[in-house]
Amino acid sequence: MSFLSATLARVKPSPTIAVSTKARELKAAGKDVIGLGAGEPDFDTPQNIKDAAKAAIDRGETKYTAVDGLPELKKAICAKFKRDNGLDYEPSQVSVGAGGKQILYNALMATLNPGDEVIIPAPYWVSYPDMVLLAGGEPVFVEGRMEDGFRITPEALEAAITPKTKWFIFNSPSNPTGAGYTRAQLKALTDVLMMHPHVHIMSDDMYEKLTYGDFEFCTPAEVEPGLYDRTLTCNGVSKAYAMTGWRIGYAAGPAPLIKAMGKIQSQSTSNPSSIAQWAALEALNGPQDFIAENNAVFQRRRDMVVEMLNQAEGIDCPVPEGAFYVYPSIAGCIGKTTPAGVKIENDEVFATALLEEKGVAVVFGAAFGLSPNFRVSYATSDEALKEACTRIQDFCASLS
Ligand SMILES: Cc1ncc(COP(=O)(O)O)c(C=O)c1O
C-alpha cells in the first residue's frame, strides 16, 4: 500500500520549480543570473499599511479572529466591491483567507465531486489545474490563441461546456500573459454563460488594479448582473498593495458557498493572521494614490521590455493590458541551434539554454499550457530588465 495518497499522484510537481532550482544552482556556482520569474511586485508594502499592522500588535489584536475574516475587514471588502465594481454584497457573502490561493482552493474543495469539470482558459496560472485535480475535479482547457490576444472566443467556451461543467475560471488581467478582456469581450463570454445555468463562474481579479493606458478593468458579475447568483468574485491585497508575504485574499459570492468555504477553512487553517487582516483593512480603506505611481513604473517597464524583445530575432512580443508579465512567442527560434550546440526544439529547451548560456531565468510557456512562448515578469529594476533583454537579444542573434 502506498504511503502517499492517490490524490497526490494526480498532481504534477510545479514545472516552474525546475527553472528556479536551476537558477539558484547557477547563482550558487558564482554565475551572474538575472531572474525574470518573480510573481510579485518589487515595491515595498506602503508605510501606512505597515504602521496599521504594528498598531494592531500593540493593541493586542493577536488572538484568533472569526474563521473567515474580521467583521471590520468584511465590511471594508463590501465597500471595496461597491466602490470599484458596483457590486452589492453583505458581510455574510464575504470570505477572507490566507491569500487568493487559499480562497480559490477552498471554493474548489467545497464544491467539486469526482468527475466534475472546470473550464480553464490557457495559458493559465499554474495553480488552477492542480488545485482542481487536488479537489477531485477534471480541468478542461480552452486555448486563448496569441492571434486572439490570448483571449478565448465565445465559440470555444461554448464548445467546452458539458453537463459536467461546474466552474468556469476567469482571470483578467491574466497571469501569465497580462491580457485583459474589454467589457465587450467579456460580455460575449457572459452571454454564453447565461445560456448554461449550471455553470458557476470563479473570477480571479487578482490583477484588477494593475492595468495600463486606457484599458478599463471589468468583472463578470458586474458586466452581466444575471450571473451574480452564481459568481464568486475573488481578489486580494497581494499584488495591488505589494503584500504578497502578508497572505490575505478574499472573495464574495452566494452565502451558502461562502459558508461552505468557511467550513473547509475552519477544519484546516482557521483564520488568516489577525495582524495581516488589520493591515489589509488599512490597504483597502487607506490612501490609494501609490497604486497609480507604481503603475506608471510598471507601464514604463512593460513598454521597454516589449520594445526590446521585439527587436530580438525570432521573438514576437504582444503588448499586454495589465499585470506585470509579457508572454512572447519564440516561434521564430524553433529549429535553430545555440552556440553551445543545443537545438531549440521547444520553449523549455529555449528557457534552459537561455539560462545556461546567458544567465537569464524565464519560465517556459509549456508550464502555462501554451507554447512556444515564455513568461517574463517585469516586476524588477529597470537596470536588470534592460540587461536581461540585451542578453536575450544577444542569445537570439547567436542562434543559427
Ligand atoms: C492569477 C493569480 N491568482 C491568484 C494568485 C494568488 O495570490 P496570493 O499570493 O494572494 O495567494 C496569484 C499569485 O501569483 C495569481 O497570479
Side-chain angles (χ1 to χ4, degrees), residues 14-17 19-20 35-43 45 49 68-69 73 77 80 95-109 118 120-132 134 139 144 150-152 167-181 201-211 217 219-220 232-252 261 265 268-269 271-273 276-277 279-280 283-284 298 320-327 363 367-370 375-380:
S14 164
T16 53
I17 291 182
V19 179
S20 46
L36 301 181
E40 59 184 350
D42 55 324
F43 305 118
T45 304
I49 298 174
D68 65 354
L73 180 54
I77 290 166
K80 176 258 173 276
S95 189
V96 183
K101 206 172 218 176
Q102 187 180 24
I103 287 291
L104 300 168
Y105 186 71
N106 285 345
L108 294 169
M109 287 298 285
V118 178
I120 302 174
Y124 44 75
W125 179 45
V126 288
S127 292
Y128 297 142
D130 289 284
M131 280 189 189
V132 168
L134 271 175
F150 300 115
R151 287 176 280 265
I152 63 165
W167 287 103
F168 166 58
I169 301 186
F170 179 72
N171 175 221
S172 163
S174 139
N175 176 5
T177 64
Y181 287 69
I201 298 94
M202 190 177 288
S203 186
D204 181 352
D205 299 352
M206 196 51 79
Y207 295 94
E208 169 182 16
K209 300 285 180 188
L210 303 178
T211 61
F217 172 85
T219 191
L232 185 68
T233 305
C234 308
N235 212 315
V237 294
S238 297
K239 315 284 175 172
Y241 300 93
M243 291 177 70
T244 46
W246 298 75
R247 311 306 305 134
I248 296 293
Y250 56 83
M261 289 164 61
Q265 194 156 297
S268 50
T269 60
N271 62 277
S273 154
Q277 288 190 68
L284 294 179
F298 278 141
E321 288 77 25
F324 37 68
Y325 310 105
V326 294
Y327 199 67
V363 186
F368 307 102
L370 191 89
R375 188 191 77 173
V376 164
S377 160
Y378 53 84
T380 192

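As the structure lists them, so they are numbered: ligands from 1, and atoms in each ligand from 1.
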- Message: Give the atom numbers and elements of ligand 1 that come within less than 4.0 Å of a heavy atom of S238.
- Response: 8 (P), 9 (O), 10 (O)
- Message: Is the ring pair F168/F170 parallel, tilted or perpendicular, if the boundaries are 30 and 60 degrees?
- Response: tilted
- Going by the atom numbers of ligand 1, which of them fall below 4.0 Å from some non-hydrogen atom of Y128? 1 (C)
- Task: Report yes or no: does T177 contribute a side-chain atom to a donor-acceptor pair with the main-chain N or O of A179 at less than 3.5 Å?
- Result: yes
- Note on the structure: The atoms of ligand 1 lying under 4.0 Å from a heavy atom of D204, numbered in the order shown, are 1 (C), 2 (C), 3 (N), 4 (C)
- Message: I want to know whether Y207 and F324 have ring centres closer than 6.0 Å.
- Response: yes
- Are the side chains of V376 and Y325 in touch, meaning some heavy atoms are under 4.5 Å apart? no
- Query: Under 3.5 Å, side chain of D130 to main-chain N/O of L134, donor-acceptor pair present?
  - Reply: no
- Taking only heavy atoms of G99, which atoms of ligand 1 are found under 4.0 Å from at least one of them? 10 (O), 11 (O)
- Examine ligand 1 and decide if any of its atoms is less than 4.0 Å from a heavy atom belonging to K239. yes
- Message: Within the 4.5 Å heavy-atom criterion, are M261 and S95 side-chain neighbours or not?
- Response: yes
- Item | Residue-ligand contact N171/ligand 1, heavy atom below 4.0 Å | yes
- Query: Tell me, do K80 and E208 make a side-chain contact under 4.5 Å, heavy atoms counted?
  - Reply: yes
- Item | Residue and atom name of the nearest protein heavy atom (relative to atom 6 (C) of ligand 1), distance in Å to one decimal | W125 CH2, 3.6 Å
- Query: Given the side-chain rings of F298 and F43, with only the six-membered ring counted for Trp, is the space between their centroids under 6.0 Å?
  - Reply: yes
- Query: What do you reckon, does G100 have a nitrogen or oxygen under 3.5 Å from a nitrogen or oxygen of ligand 1?
  - Reply: yes
- Ranked by distance from atom 9 (O) of ligand 1, the top protein heavy atom is R247 NH1, 2.8 Å
- Query: Is the shortest N/O to N/O distance between N175 and ligand 1 below 3.5 Å?
  - Reply: yes
- Message: Among all the protein's non-hydrogen atoms, which is closest to atom 7 (O) of ligand 1, and how far away is it?
- Response: M206 CE, 3.6 Å
